[in-house]
Amino acid sequence: QFQPEALNYGLLTAARWSVYHEFAYDFHPLVRGTIFGLYNPDDKSFAVVPSASYSVITNLDLLLLAMFFNGDSLTEFGDYGSTVFLRLKYSF
């Protein structure tokens, strides 16, 4: 219900309280892995987003990103499910 206003203010979530943590590590100069989690303690729903990026060649990057959401129905993250994205980006 407050999601549009939260996005306008640049907030990660519309919840009154949330816990966010991120870890990132460069496994190799060409490979970087990250994972972040967002938890709503009021309704106990959460999101976990791991990703890995690889620099294929100069100016060409490959990103694999997954999004996992969990919670009861009608909670902040409970109705989103899970998804995986693959992106190939060329910069010039």
message: Is it the case that the ring center of Tyr25 lies less than 6.0 angstrom away from the ring center of Phe23?
response: no
query: Would you find a donor on one side and an acceptor on the other, under 3.5 Å apart, between the side chain of Asn40 and the backbone of Asp42?
result: yes
message: Tell me if the centroids of the rings in Tyr20 and Phe36 come within less than 6.0 Å of each other.
response: yes
CA sep, side-chain torsions, deciding dist, call: Leu65, Val84, side chain to side chain contact (heavy atoms under 4.5 Å, CB included): CA-CA 6 Å; Leu65 181 127; Val84 176; over 6 Å; no
task: Kindly compute the distance separating CG (Leu88) from OH (Tyr90), expressed to the nearest 0.5 Å.
output: 11.5 Å
- prompt: Are Leu62 and Phe27 co-members of a hydrophobic cluster defined by side-chain heavy atoms under 4.5 Å apart?
  reply: yes
query: Which pairs with one or both residues in residues 38-78 pass ring pair (Phe, Tyr, Trp, His ring centres under 6.0 Å), sequence neighbours excluded?
result: Phe69-Tyr80
- request: Starting from the C-alpha separation in whole Å, work towards a yes-or-no answer on side chain to side chain contact (heavy atoms under 4.5 Å, CB included) for Val31 and Ser53.
  value: CA-CA 6 Å; Val31 179; Ser53 62; over 6 Å; no
message: Determine whether a donor-acceptor pair (N or O, by modelled atom type, separation under 3.5 Å) exists between the side chain of Asn70 and the backbone of Gly78.
response: no
task: Of all the heavy-atom pairs spanning Ala24 and Arg32, show the shortest one and how long it is.
output: CB-NH2, 3.1 Å
message: Using the rule that Ile, Leu, Val, Met, Phe, Trp and Tyr join whenever any side-chain heavy atoms are under 4.5 Å apart, tell me whether Val48 and Leu64 fall into a single cluster.
response: no
message: Main chain of Leu74, side chain of Asp79: is a donor-acceptor contact present, judged purely on distance under 3.5 Å?
response: yes
